[in-house]
Amino acid sequence: MTGQTSFSEIEKRWQKKWADEQVFKTSSDPDRPKFYCLEMYPYPSGKLHMGHLRNYSIGDSFARYKRMRGFNVLYPMGYDAFGLPAENAAIKHKTHPEEWTRRCIADMKAQQSALGISYDWDRQVQSIDPEYYRWNQWIFLKMLEKGLAYKKAAPINWCPDCNTVLANEQVEDGKCWRCKHVVEEKNLEQWFFKVTAYADRLLEGLEHLEHWPEQVKVMQSNWIGKSYGTIIDFDVVDESGKKIDTISTFTTRPDTAYGITYLVLAAEHPKVLEWTGGTKYAEPVKSFISEVKKQTIIERTSETKEKNGEFLGVYFVNPVNGEKCPLWVGDYVLMNYGTGAVMAVPAHDQRDFEFAKRYGLPLKVVINPKDGHELNPDKMARAFCDEGVMANSGDFNGSESRDAIEEISKFLESKDWGKRTVNYRLRDWLISRQRYWGTPIPIIYCEKCGIVPVPYDQLPVTLPKDVEFTGEGNPLAKSESFTKTTCPKCSAPARRETDTMDTFMDSSWYFFRYLSPKMDSLPFDKKDSDYWMPVDQYIGGIEHAILHLLYARFLTKVLKDLGLTDVDEPFHSLLCQGMVTKDGAKMSKSIGNVVDPAEIMDRYGADTARIFMLFSALPEKELEWSDKGVQGAFRFRNRVWRLVDEAPETEAREHNNSDRQMISRMNRTIASVTGLLEDIRPSLAIGALMEFVNAIYKYREAKVHVDVHAELLENLALLLAPFSPHLSEEMWERLGKDGFISLAKWPESDEGRIDPEAEASDELVSSTASDICRVLELAKLDKPSKVRLFISDAWKYDFVRQLKQELEKTRDVGSILKSIMSTGLKVYGQEISKLVPKLAADACKMPAVVMDQDKEVAVLEENRATLEKQFGCPVELVRAQEAKEPKARQAMPGKPAILVE
RNA sequence: GCGGGGGUGCCGGAGUGGUCAAACGGGUACGGUUGAGGGCCGUAUGGCUUAGUGUCUGCGCGGGUUCAAACCCCGUCCCCCGCACCA
């Protein structure tokens with residue numbers, strides 16, 4: 001029972017020692033190789049969930065492993081502590097968000113400490129400290145100077161539940177990413193960061209991120225959404241053909257330019273009202289627009305929805321062929337992509353096709369399929385969107401449509417009718433939030449001087465305390481002590497900006513602050529950045545694939561451009577851990593399948609929880625929670641513990657076969673665990689350790705060699721240290737080792753001592769001797785007069801076949817055999833019961849053993865004395881017939897031969 | 001629709017051309033130990049069949065390449081994730 005009762009004390013004891021002796025404190029050391037291990041810093045909700053537990057178990061296994069491999073490991077922790085939940089809690093409980101947040105941080109930290117994660121707590125960073133957010137403000141001002149931060153009125157996403165605007169990236173499926181409330185569109189004046197200026201660099205950078213999951217790169221690339229196309233300008237004319245205006249459209253298919261039969265503008269397009277104003281079309285168009293605006297974003301973007309529109313009463317001239325076609329407004333055109341106007345080619349675009357069919361607009365085929373048949377516009381059931389051969393396109397007839405994209409673009413450019421261009425889906429990052437609990441945007445509004453940045457020496461602009469949290473409006477706006485100020489330029493009374501920054505700003509550069517957490521002249525020290533950056537291993541959930549990871553990459557590039565760092569990409573290797581699920585679904589309160597990590601840690605301890613987390617699935621895969629699985633991890637943990645807690649019988653002796661076998665086994669385990677950790681496969685590493693533990697138990701069935709046994713345990717403790725550090729420390733101490741195992745050197749495998757063949761045959765010899773004794777005992781046989789060991793380098797199948805033939809001759813095996821069978825002893829993966837019959841029947845009524853490797857004769861010879869002693873009779877070595885050379889060996893020389901049946 | 005990832009035993013999952021597919025763990029069954037339980041130890045666990053054994057099947061499905069395929073190629077079905085009226 002020792003194992004079960006002691007884990008709690010053991011874990012507490014070592015956590016205290018680690019803290020007291022500052023075992024995990026790090027500092028820059030240019031003479032040593034570094035490893036920066038980082039987990040996405042959490043929002044302090046106060047309680048760990050399984051996702052955290054998994055995240056930290058993975059991260060700590062890296063950090064500890066690298067530390068033992070001699071790296072100078074930076075492994076910090078902090079808290080992404082600004083944000084709405086704290087403010088909502090404050091409203092509900094009539095307290096201050098800071099109070100709530102600080103308490104949550106303390107609770108969370110306590111739980112993290114109880115997990116025994118090897119963080120350097122001296123570097124703790126939290127975004128709510130003015131010493132942190134002043135640098136948000138500092139960076140903001142720098143960006144303002146560079147024109148990367150700007151204010152403009154724009155249609156923005158408004159979450160009525162959170163009472164604030166949201167960035168594009170924070171709208172998922174037309175809903176708020178946090179509260180899932182349907183987002184509304186509003187037109188407000190807001191602060192933006194110019195991410196679009198970095199679109200190309202952000203896209204291009206992805207190509208060099210070799211150690212990022214493909215999925216994340218693809219998601220970011222799609223989000224940036226770079227597409228090459230052509231802007232085509234059209235003259236807008238009235239009924240009589242008189243030019244009244246121009247309009248531009250963006251297209252990726254200029255090859256279809258001759259097939260344009262109408263043009264559609266987005267409902268928000270300003271020209272729509274301009275052109276229809278005062279005409280008979282004004283009323284229907286206005287009511288159409290208001291209909292569109294009534295719809296939610298979800299309704300508008302629903303794929304199945306019918307496309308609606310109205311004719312605008314004006315026309316345009318297609319420059320390529322001089323055709324005059326109508327202009328429409330339609331709800332399927334988006335204002336915020338391209339130019340907000342689309343050239344419609346219903347024969348070759350499915351959306352245009354549907355719209356044209358609905359309103360009886362004509363189709364014009366300009367591309368025919370390559371198979372030679374000509375499309376009939378009246379009979380098409382859907383648009384033809386593939387590549388093909390040009391038709392009805394003037395000089396371009398007969399060209400491949402793929403080539404025509406280029407040719408027509410050049411033609412348009414040459415006539416000054418259009419221009420090739422690049423378009424992005426990415427929008428600028430809207431960073432204003434109308435909430436209290438965030439970084440105040442360091443701006444002052446002066447009636448005379450306009451928008452005035454807060455001077456650097458007045459940073460930080462701190463959050464006022466005299467604030468009431470009522471839930472209505474932005475509390476900052478009601479704090480006179482905050483809003484009332486003077487203009488830094490003219491000293492006239494002025495007013496502060498009351499918007500705060502998106503909390504994603506905090507998390508976009510925090511990993512730099514860890515490097516120099518106490519620096520007060522700059523956000524961080526470039527020297528530290530030169531040494532530590534980039535982060536070598538970043539670990540977090542896939543849910544941040546776009547939001548956080550894109551912003552962090554953006555900010556890093558900005559910081560680089562500001563000369564603060566030389567790194568261009570912050571995260572060298574990214575691991576997106578899989579979800580923790582239960583009963584096939586993500587753990588969530590609404591489903592009611594949540595398991596609290598605290599409970600598991602109380603019952604089984606941190607080591608067990610961590611082993612389970614790492615063993616049960618590869619880090620990037622989904623992990624299905626299993627109570628039984630945790631118990632399995634617990635059993636393993638206790639099985640290891642018993643190895644040190646219960647001493648085996650020892651013997652002073654020369655190394656025998658089982659000693660050599662274990663030494664080989666040990667070295668093989670070291671090699672494989674090391675390799676698996678390098679490959680980020682902790683689950684398999686733990687599997688290998690489980691096998692190793694099983695082997696040690698087997699070894700301990702007989703008397704063990706003291707030194708070998710000690711070495712086995714020592715290495716076991718070392719290999720387990722990244723996974724179950726408390727247990728390892730305790731083992732280390734019990735084994736009489738000095739210092740912390742956390743700082744010990746990772747074992748190296750001695751390849752020369754790995755000998756799989758010897759290992760296999762040794763196992764056979766050592767276990768077989770006792771096995772046969774037991775068989776004899778069970779079978780109530782008299783002492784045999786002789787034991788035969790069969791040696792064969794034949795494939796076992798061949799050997800079994802021989803046995804079978806022999807058996808056909810000798811049928812009388814008798815009840816003795818039955819007894820032997822019933823023991824089901826295993827030899828080399830093969831049931832002894834399958835092999836023994838023939839031998840036993842072979843007149844001498846003796847059990848025997850089959851060996852697999854001819855080469856092991858020497859080993860057997862060596863062990864013959866032992867065996868003879870055990871059996872009390874002579875042992876004879878018998879060589880089995882050579883196997884036939886398999887065909888395969890001739891076919892593929894150099895490769896191992898296999899059995900061809 | 002586009003993009004990414006997957007389909008292996010009762011379950012979680014190993015194995016991505018070659019030494020009898022299923023390591024490791026879990027579940028289940030039986031046996032041992034134990035006052036009982038738990039724990040621990042051992043054995044079994046694709047189908048059919050045997051006293052031993054044999055035999056068939058088998059890595060979503062169908063083809064193909066190869067002396068050899070879960071693995072490579074082609075086709076097909078299904079599942080998960082992300083994006084989506086992006087012109």
Side-chain angles (χ1 to χ4, degrees), chain A residues 1 3-4 172-173 213-219 221-223 225 227 229 249-253 256 264 300-305 307 330-334 336-339 341-345 349-352 354-355 385 423-425 542 545-546 579 612 615-618 620-633 635-636 638-639 642 681 683-684 686-691 694 697 795-797 800 803-804 807 811 813-815 817-818 820-826 829-831 833-834 836-838 840-841 852 886-892 895-901:
Chain A
M1 294 297 281
Q4 279 115 305
E172 295 168 348
D173 234 359
E214 199 54 33
Q215 197 193 145
V216 173
K217 290 194 275 186
V218 168
M219 280 165 76
S221 164
N222 288 346
W223 187 262
S227 58
T249 64
F250 173 78
T251 181
T252 54
R253 294 289 304 271
T256 61
V264 197
R300 270 191 79 172
T301 56
S302 153
E303 192 180 357
T304 51
K305 197 178 103 12
K307 292 162 180 46
D331 59 0
Y332 76 99
V333 175
L334 306 171
N336 60 8
Y337 184 78
T339 62
V342 168
M343 55 173 240
V345 187
D349 181 284
Q350 186 59 25
R351 293 152 300 179
D352 298 342
E354 286 165 28
F355 190 83
C385 306
N423 199 42
Y424 297 93
R425 213 183 74 106
I542 187 85
I546 293 176
M579 274 192 307
F612 170 73
F615 173 66
S616 302
L618 287 174
E620 61 274 20
K621 295 215 176 160
E622 194 173 275
L623 187 154
E624 170 72 12
W625 179 264
S626 151
D627 293 327
K628 301 286 184 183
V630 182
Q631 284 166 29
R635 274 201 289 275
F636 171 66
N638 292 334
R639 231 166 114 71
R642 281 198 306 278
R681 321 199 82 185
S683 55
L684 299 183
I686 292 174
L689 286 166
M690 285 172 167
E691 288 180 67
N694 291 344
Y697 267 100
W795 299 102
K796 287 176 198 147
Y797 252 44
V800 168
L803 288 180
K804 198 181 143 200
L807 196 62
R811 295 211 155 256
V813 180
S815 57
L817 267 184
K818 247 186 154 176
I820 298 170
M821 308 300 158
S822 71
T823 65
L825 291 172
K826 265 199 160 182
Q830 182 101 24
E831 282 174 60
S833 58
K834 287 180 186 169
V836 161
K838 179 260 160 196
D852 203 53
K887 262 201 297 182
R889 185 167 283 169
Q890 290 131 32
M892 297 277 285
K895 289 256 189 176
I898 58 155
L899 177 71
V900 179
E901 277 285 76

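Every chain is numbered from 1, with letters handed out A, B, ... down the list of sequences.
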Between R681(A) and G13(B), is there a side-chain N or O to OP1/OP2 distance below 4.0 Å? no
Gap between atoms CZ and P, on F636(A) and C24(B) respectively (whole Å): 13 Å
Side-chain N or O of R635(A) versus OP1/OP2 of G26(B): is the shortest distance under 4.0 Å? yes
Using atom C1' of each nucleotide, how far apart are C83(B) and G13(B) to the nearest Å? 30 Å
For M343(A) and D352(A), which heavy atoms make the closest approach, and how far apart are they? O-OD2, 3.8 Å
State the pairing partner of G3(B); accept Watson-Crick or G-U wobble contacts with both distances under 3.5 Å, and report none otherwise. C81(B)
Starting from C1' on G25(B), measure out to CG on L684(A) and report it in whole angstrom. 12 Å
What's the spacing between N694(A) CG and L689(A) CG if we round to 0.5 Å? 11.0 Å
Say you pick atom C1' in G18(B) and the same atom in A70(B); how far apart are they, in whole Å? 13 Å
The reported gap from CE in M579(A) to CD in E624(A) (rounded to nearest 0.5 angstrom) is 10.0 Å
In whole angstroms, how far is the P atom of G13(B) from the CE atom of M690(A)? 15 Å
To the closest 0.5 Å, what do you measure between CZ (R425(A)) and OG (S221(A))? 10.5 Å
Whole-Å distance between G4(B) P and M219(A) CE? 13 Å
Which value, in whole Å, describes the distance between the C1' atoms of nucleotides G26(B) and C20(B)? 26 Å
Assign each of G632(A) and E624(A) the nucleotide of RNA chain B bearing its closest heavy atom; nearer the 5' end lies the nucleotide of E624(A)
Hey, what do you get for CG (N222(A)) to CD1 (I546(A)), rounding to the nearest 0.5 Å? 8.0 Å
G31(B) to A36(B) separation - P atoms, rounded to the nearest Å: 14 Å
Go through G27(B), C81(B), G15(B) for me and flag the one nearest to the K628(A) side chain. G27(B)
How far, in whole Å, is U49(B) from G38(B) if one measures between their C1' atoms? 40 Å
Using Watson-Crick geometry (N1-N3 plus N6-O4 or O6-N4) or G-U wobble (N1-O2, O6-N3), each under 3.5 Å, G35(B) is paired with none
Searching all strands shown, indicate the nucleotide that pairs with A29(B) (Watson-Crick or G-U wobble; both distances under 3.5 Å). U43(B)
Which is true for L618(A) with a 4.0 Å heavy-atom rule: it touches a base, it touches only sugar-phosphate, or it touches nothing? sugar-phosphate
Atom CD1 of I542(A) and atom C1' of C80(B) are separated, to the nearest Å, by 13 Å
Both distances under 3.5 Å, Watson-Crick or G-U wobble: report the partner of U53(B), or none. none
Can you figure out which of G27(B), C40(B), C24(B) approaches the side chain of R642(A) most closely? C40(B)
What's the shortest heavy-atom distance between S626(A) and G629(A), and which atoms? OG-N, 2.7 Å
Taking G58(B) as the reference, what is the distance to G15(B) when you measure between their C1' atoms (whole Å, please)? 16 Å
Output the single nucleotide from C40(B), A87(B), C24(B) whose closest atom is nearest the side chain of T251(A). A87(B)
For E622(A), which contact category applies under a 4.0 Å heavy-atom criterion: base, sugar-phosphate, or nothing? sugar-phosphate
In the strands shown, is C72(B) matched to any nucleotide by a Watson-Crick or G-U wobble pair with both distances under 3.5 Å, and which? G64(B)
When the distance from CD of E214(A) to C1' of G6(B) is rounded to whole Å, what number comes out? 15 Å
With the side chain defined as heavy atoms from C-beta on, N222(A) is closest, among G27(B), A14(B), G82(B), to G82(B)
Between T339(A) and V218(A), which has a closest nucleotide on RNA chain B that is more 5'? V218(A)
Across every strand shown, the nucleotide meeting Watson-Crick or G-U wobble geometry with A22(B) (both distances under 3.5 Å) is none
Using a cut-off of less than 4.0 Å, is there contact between a side-chain N or O of K217(A) and OP1 or OP2 of G5(B)? no
Between C30(B) and U16(B), how far apart are the P atoms? Round to whole Å, please. 37 Å
Students often get this wrong, so: under 4.0 angstrom with heavy atoms, is N694(A) touching a base, only sugar-phosphate, or nothing? sugar-phosphate
Closest nucleotide among G82(B), A14(B), A87(B) to the K621(A) side chain: A14(B)
Does A87(B) have its OP1 or OP2 closer than 4.0 Å to a side-chain nitrogen or oxygen of R425(A)? no
Quick one: pull up NZ in K628(A) and CZ in F612(A) and give me the separation to the nearest 0.5 Å. 13.0 Å
Scan S616(A) against the nucleic acid and name what it touches under 4.0 Å (heavy atoms): base, sugar-phosphate only, or nothing. sugar-phosphate
Looking only at heavy atoms, the pair that brings V264(A) and A344(A) closest together is CG2-CB, 4.3 Å
Grab the CZ-P distance between F615(A) and A14(B) for me, whole Å please. 11 Å
Measure the distance from CD on Q215(A) to C1' on G82(B) and round it to the nearest whole Å. 6 Å
Checking N1-N3 plus N6-O4 or O6-N4 for Watson-Crick, or N1-O2 and O6-N3 for wobble, each under 3.5 Å, the partner of G58(B) is none
What's the gap between A69(B) and C59(B) when it is taken at their C1' atoms, as a whole Å value? 11 Å
